[in-house]
Each structure stands twice: as C-alpha cells, then as structure tokens.
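In what follows, chains carry the letters A, B, and so on, assigned in the order in which the sequence lines appear, proteins first and then strands, with residues in each chain numbered from 1.
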Amino acid sequence: MFWRGFAMLQDSFATRLVAWQEQHGRHDLPWQVSDPYRVWLSEIMLQQTQVTAVLGYYARFLQHFPDVASLAAASADEVLALWSGLGYYSRARNLHKAARMVMDEFGGRFPDLREDIQRLPGVGRSTAAAIAAFAFGRRETILDGNVKRVLTRCFGISGFPGEKAVENRLWTLAESLLPADAAQMTAYTQGLMDLGATVCGRKPACTVCPMVDGCVAARQGLTHVLPTPRPKKAVPTRHTVMLLAQHGDKVWLERRPPTGIWGGLLSLPELADSAAVESWLAAQGRGDVLPSWPELEHVFTHFRLIITPVPVRLDTLHANRVQETAGQWLPVSQALDAGLPAPVKRLLQRLSA
DNA sequence: AAGCCGGGGAC
DNA sequence: GTCCCAGGCTT
C-alpha cells in the first residue's frame, strides 16, 4: 500500500537521516561551522555551483574578508575580482550589498530568524533556511536540488520540480519531515544535502541508502525517471565581435552595465561587425588590424555565444581620447586579476602566452 | 509562470 | 554531446 509506506517513511525519515549523517555524512567541509557569516558565504557560493568548484573560492574569499565587517568595507571591484570565474555575478553584488545591510540595518549582528535572513538580497527561502538551521539551530527546511531529488524519489512525486505546483507540494512535504528536536537541525540539514550529493545522485546507490525500504522510486524501479527532468527547449546561438586592442603591454577593457550578462565585470568591447573595427581604430589613434584569431565558443544555460576576436594594435593614441570613453588601458597581467568573464579571461591568457 | 543569469563536473 | 548543480531575481 502506497499510503502505508508513505506514513511509515514520513515518521522515521528524520531519525534515519540524522543517524545516517552522523555515521556516513560529510564532516570535513570548511563551512561546517556555526559562524553565520561563513555559513552565509558558503550558501551563496554553493547556489547552482558544485562543492568542488567552491572550495578554492571560499578559502580565498575568507582570506580577504574574514568577517561581515571587512566585506562591507570592501569595494565592489575587490569583491567581483574574488568572484571572477565562479559565475552568476549578481551573487557577488548581492553579497556585498547584504554585508552592508547587516552592518547598517542589523547593527553588525547577523539576523537569526529565517524571515529576517531572507530579507538580505540574494537570499531566498532555501538559503535563509540553511543559514537559520546551520548557524542558529532553527527548525526551517531547505529545498534545494538535493532535497528535491531525494523527496521526489522517496515519496514518488512526479512532475518537473521547478514547476510551481510541484515545488509547493515539496515545500509542504519537506516541512512535515523536520525533526521535532531543534538540536538535530544541523545533522538533519547536512544529511539532506549529503544524501542527495553522495547517495541519491544521478546513479543512486540504493543499496547503501538509509531510506531504501521506504523509497517509492527504489521499490517501483523509478529512480531513473525521478525527478522528472526539465522540459527541453532549443538554445539559440548568438554571435558577437570582441575587440582585442593592444597598446604596448596594455589591453583596452570596458566596464559592462550592472545588469544583464556578465553584469559589472570588466570585459572586451563588443562590436556590431568588423566594419566597426576600422572606425574604432581611427577614433582611438594610429594602428593596425592584426591577423585574425579563431572563433571562440562559450555555452550558457540559455544560449550559445560565438565570439569573433579582432586583435588590433595601437601604435599612437589620440590625446584626450581616453577620458571620453568608459574604458581603460590595463596591463594584461593586471587585467587577468580583475573580474572578467571566463571567455574573456581565456582570450587574455592566450595574449600573454 | 517563465525567463534570465555562468561555469564546470559528471557521464 | 547532455544534464544539472547547496537558487534568486525580474518581468
């Protein structure tokens, strides 16, 4: 009977998970601490980003900004530079903004209620719940990709979890599964993530799963069908021309607008077509178009970008021209340390090689 | 409700 | 090549 299995698992879910986490879960991750600042930073970095990708960034970031006060005092450029290559750069801008909000609106003390934490920019319900649980032992449930995978399988819930109706159902279910004892919230929340990450993944290891005897997907052979995958849609291809202007050992970079793709990052100028190269060159000074470079492909979640790099060299610059534009000449080595989109960084690395 | 926003790991 | 990850914000 489905309903009997459901009720049995629902009753024992938290108990099983906590026991499993203590025995088989992860205990050596650097953000498994009670400092809300460190928990918060890790949760933001881990949004749509895998643990292995975050580890290095996390350590480097903490080295520069060990607490919320130092982060609030930093410039946006410093923060973006430390985020460069991690992706989803609005996370860095929101992180910086939120640090200042903690200082100004919460008197430098991190809020300890999920509802208050959630008011910080870049912090939604799941991230706020993770911080509340890990740093303050609150009985709040997370609902991330791991939890969605575990719950849709354990409780046999079909439909794409990104769809609102399915997600609402998962939130309600997740809340009903919380342990009664708040002292277990750290192990429980970590257990949800660990189970999803190390056991209930793409190819689930059901034989070592603490939920296997109650899991609907395991019992009905549906682990390969659940969770229901995102509906497919064709990704469009876009083309762009990037100007790779060199003057001595320097390269010309421009600040991108604060919103949109690569918001706020330094980048190479984008030109409408190759005809625009000549006019740009003529306006800047005296120089030449260099032999062309091969195209560069960069793939996003929602589109494919083909970049045509156009290298040019400026021998002499027109006086006063620099002040009229939003760009700057930077030594290549210095540019590589700034916040740059990944493909732009690859181009500049090619330049310095 | 649907689209936007990066980069990389796993397969 | 495909899929999706410790999601949130905007429209």
Starting at the 5' end of DNA chain C and moving along, which residue's nearest nucleotide shows up first, Leu120(A) or Ala197(A)? Ala197(A)
Could you check whether Ala130(A) gets within reach of a base, just the sugar-phosphate, or nothing at all, counting any heavy atom under 4.0 Å? nothing
Please determine if Arg238(A) forms a cation-pi arrangement with Phe303(A), meaning its NZ or CZ atom is less than 6.0 Å from the six-membered ring centre and no more than 45° off the ring axis. yes
C1'-based separation of dC4(C) from dC5(B) [nearest Å]: 15 Å
Could you check whether the side chain of Arg149(A) and the base of dA6(C) have a donor-acceptor pair of N or O atoms closer than 3.5 Å, going by distance alone? no
Phe110(A) ring center within less than 6.0 Å of Trp40(A) ring center: yes
If you compare every side-chain N and O of Tyr89(A) against the phosphate oxygens of dG7(B) (OP1, OP2), does one of them come in below 4.0 Å? yes
For dG8(C) and dG9(B), measure between their C1' atoms and round to the nearest Å. 22 Å
Look at the side chain of Thr49(A) against the base of dG8(B) and say whether a donor-acceptor pair falls under 3.5 Å; ignore hydrogens and angles. no
Considering every strand and a 4.0 Å limit on heavy-atom distances, what is the contact class for Pro227(A): base, sugar-phosphate, or nothing? nothing
When the distance from CG of Asn146(A) to C1' of dC5(C) is rounded to whole Å, what number comes out? 8 Å
What nucleic acid atoms does Gly85(A) come within less than 4.0 Å of, heavy atoms only: base, sugar-phosphate, or nothing? sugar-phosphate
Taking the P atom of each, how far is dA6(C) from dC11(B), in whole Å? 13 Å
P atom, dT10(C) versus dG6(B): distance in rounded Å? 14 Å
